[in-house]
Amino acid sequence: MPLNQGLERIFDNFLTGGNIFVNRDVLGHDYIPENLPHRDEQIQRLGSIVAPSLSGSKVSNAFIYGKTGTGKTAVAKYVLSRLEAKSRVVGSSLRVCYVNCRLAGTNYRVLADLCRSLSLEVPFTGIAVNELLKRYERRLESDRVAEVIALDEIDALIKRKEDDSLLYELTRLNETLVGSSISLIGVSNDLHFKEFLDARVVSCLSEEEVVFKPYSADELYDILSERAREAFVPGSLVDSSLRLCSALAAREHGDARRALDLLRVAGEVAERGGSKDVSEEHVRVAEHKIEHDRFTDALRFLPLHQKIILVSAFDLDKAYPEGSITGDIYQVYAELCNVVSLEPLTQRRISGLLNELDIMGLLNARVVSFGRHGRTKKIRLGVPASIIVEVLSTDDMIGQLFSYEPKRVSRRAA
DNA sequence: CCTCCACTGGAAACCTAGGCTC
DNA sequence: GAGCCTAGGTTTCCAGTGGAGG
């Protein structure tokens with residue numbers, strides 16, 4: 001059997017750690033380091049808020065804000081894990097639970113996570129939210145535990161509908177429990193999200209507030225150099241590259257996650273290129289690669305109908321680069337569906353899907369009024385057309401649509 | 001000032017696919 | 001098996017609307 005030498009080398013490289021990385025995971029999103037630079041103040045604050053739970057006392061609820069990549073999640077997880085470790089040492093009946101509300105998605109699944117944190121198995125679906133809440137409450141009381149709950153990206157739970165019933169129920173639970181207790185730590189990157197909440201929930205949740213400011217370029221540099229020491233082979237990282245990563249991320253509201261991504265991808269680029277160190281040039285390449293991958297990933301995993309909508313926006317973009325309108329998109333979309341013998345969705349639905357694509361940044365949709373000619377959305381591509389072709393033409397069904405010539409649409413958009 | 005276009009976007013109902021309880 | 005529940009995607013219906021043209 002012929003040996004694929006290139007592949008062999010990649011595997012070997014990986015086993016020996018290559019000449020760049022010692023431990024790439026250190027730069028990953030879910031890695032919580034031993035030390036969180038420039039967050040001592042917040043750690044102390046949060047620590048002193050939750051500390052009473054160790055002796056079974058009731059803990060104030062807290063609310064944490066800060067933009068993405070300011071270390072909220074890291075600090076929350078860090079403090080919770082230390083709290084849990086301490087409680088095991090002193091033998092208190094404390095539980096901690098971290099839930100990412102955006103990943104969980106619905107009230108039901110958040111509650112299901114809470115149940116699981118008390119080793120209470122619940123089905124994926126099938127029972128009423130109220131029933132779930134009752135079981136959770138019963139378990140809390142029977143085990144006489146004090147639970148500290150971090151609800152990360154708590155805004156994701158509210159934004160969709162004005163449904164803050166779960167938060168309301170939890171704050172109510174908080175007041176009525178006798179032998180046990182729960183305390184809530186809400187984490188959000190949206191400063192205005194409290195406006196969507198019931199006043200009682202707000203007052204209950206914001207007993208304490210901790211604010212996370214964006215990192216400065218220097219602070220990012222400290223964070224990166226600490227992680228880099230663990231992640232990279234000594235001497236394989238040029239200091240100016242580290243400076244560049246910090247500066248680029250600082251420009252984007254001091255986002256540490258972004259800085260770590262840049263550093264990790266730059267390392268990967270260098271490693272793949274067989275380079276022995278990570279240069280500024282690698283960081284520049286990484287910057288482009290991250291942007292490119294963001295689009296291609298989003299595109300690849302899009303549901304079928306959204307892909308077809310993008311193709312119709314792409315077709316119209318060729319003919320009218322100044323932008324098209326909902327009606328035109330829908331017309332072409334319906335034709336394309338016809339080509340692949342698919343039942344088109346309604347225009348109302350397409351209007352909604354266009355909004356979703358806009359939020360993802362794959363399209364730019366803006367409501368405009370053409371006076372006599374009505375009110376609609378003006379739509380342009382948010383992704384370079386080349387990327388759309390690159391990704392979607394690999395899909396068998398969608399690929400054939402690129403050669404389709406749309407009929408002339410009724411035009412009025414200027 | 002009034003009309004009226006081509007929609008927008010809210011609300012509610014419906015459907016499917018899962019699952020529980022009795 | 002009946003009668004509930006869930007999520008998530010969709011359809012149906014419709015009141016609301018910014019502003020060019022009359």
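Heavy atoms only: backbone and side chains are in, while hydrogens, waters and symmetry mates are out. Labels below follow one simple rule: chain letters A, B, ... track the order of the sequence lines, proteins then strands, and each chain is numbered from 1. Owing to the predicted nature of the structure, the values given are computational and were not obtained by experimental measurement.
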task = Would you indicate, yes or no, if B:dG9 has its OP1 or OP2 atom less than 4.0 angstrom from a side-chain nitrogen or oxygen of A:Lys377?
result = yes
* Is A:Lys58 atom NZ crowded by more than 12 heavy atoms from other residues, nucleotides or ligands, each under 6.0 Å away? -> yes
Are there over 12 heavy-atom neighbours, none belonging to A:Arg144, within less than 6.0 Å of that residue's CZ?
no
Take the protein atom [atom1] of [X] and the nucleotide atom [atom2] of [N], then report the distance between them rounded to whole Å.
X	N	atom1	atom2	answer
A:Tyr330	B:dG9	OH	C1'	17 Å
A:Glu343	C:dG9	CD	C1'	15 Å
A:Lys378	B:dA6	NZ	P	16 Å

Assess whether a salt bridge exists between A:Lys134 and A:Glu137, defined as any Lys/Arg side-chain N lying under 4.0 Å from an Asp/Glu carboxylate O.
no
Under a 4.0 Å N-O cut-off, is there an ion pair linking A:Glu34 with A:Arg82?
yes
The nucleotide from B:dC20, B:dG9, C:dG8 with an atom nearest the side chain of A:Val367 is B:dG9
Under a 4.0 Å heavy-atom cutoff, the residues of residues 297-315 of chain A touching DNA chain C are none
Its contact letters, B for base, S for sugar-phosphate only and - for none at protein heavy atoms under 4.0 Å, make nucleotides 15-22 of chain C read -BBBBBS-
**Prompt:** Quick one: are the ring centres of A:Phe21 and A:Phe232 less than 6.0 Å apart?
**Reply:** yes
Item to check | Aromatic contact, A:Tyr404 with A:Phe402 (centres under 6.0 Å) | outcome: no
Could you walk me through whether A:Glu208 and A:Arg45 satisfy the salt bridge (Lys or Arg N to Asp or Glu O under 4.0 Å) test, starting with their C-alpha distance in whole Å, then the side-chain angles of each, then the deciding distance to 0.1 Å, before giving a yes or no? CA-CA 9 Å; A:Glu208 304 270 357; A:Arg45 263 301 292 292; 3.3 Å; yes
The single option from A:Asp395, A:Val389, A:Ile388 that satisfies side chain to side chain contact (heavy atoms under 4.5 Å, CB included) with A:Leu392 is A:Ile388
Lys NZ or Arg CZ of [X] over [Y] ring: under 6.0 Å, within 45°:
X	Y	value
A:Arg375	A:Phe370	no
A:Arg39	A:Tyr215	yes
A:Lys72	A:Phe212	no

Under a 4.0 Å heavy-atom cutoff, the residues of residues 345-356 of chain A touching DNA chain B are A:Gln347, A:Arg348, A:Ser351, A:Asn355
Check your understanding: Looking for any heavy atom pair under 4.0 Å, which part of the strands does A:Arg135 touch: base, sugar-phosphate only, or nothing?
Key -> sugar-phosphate
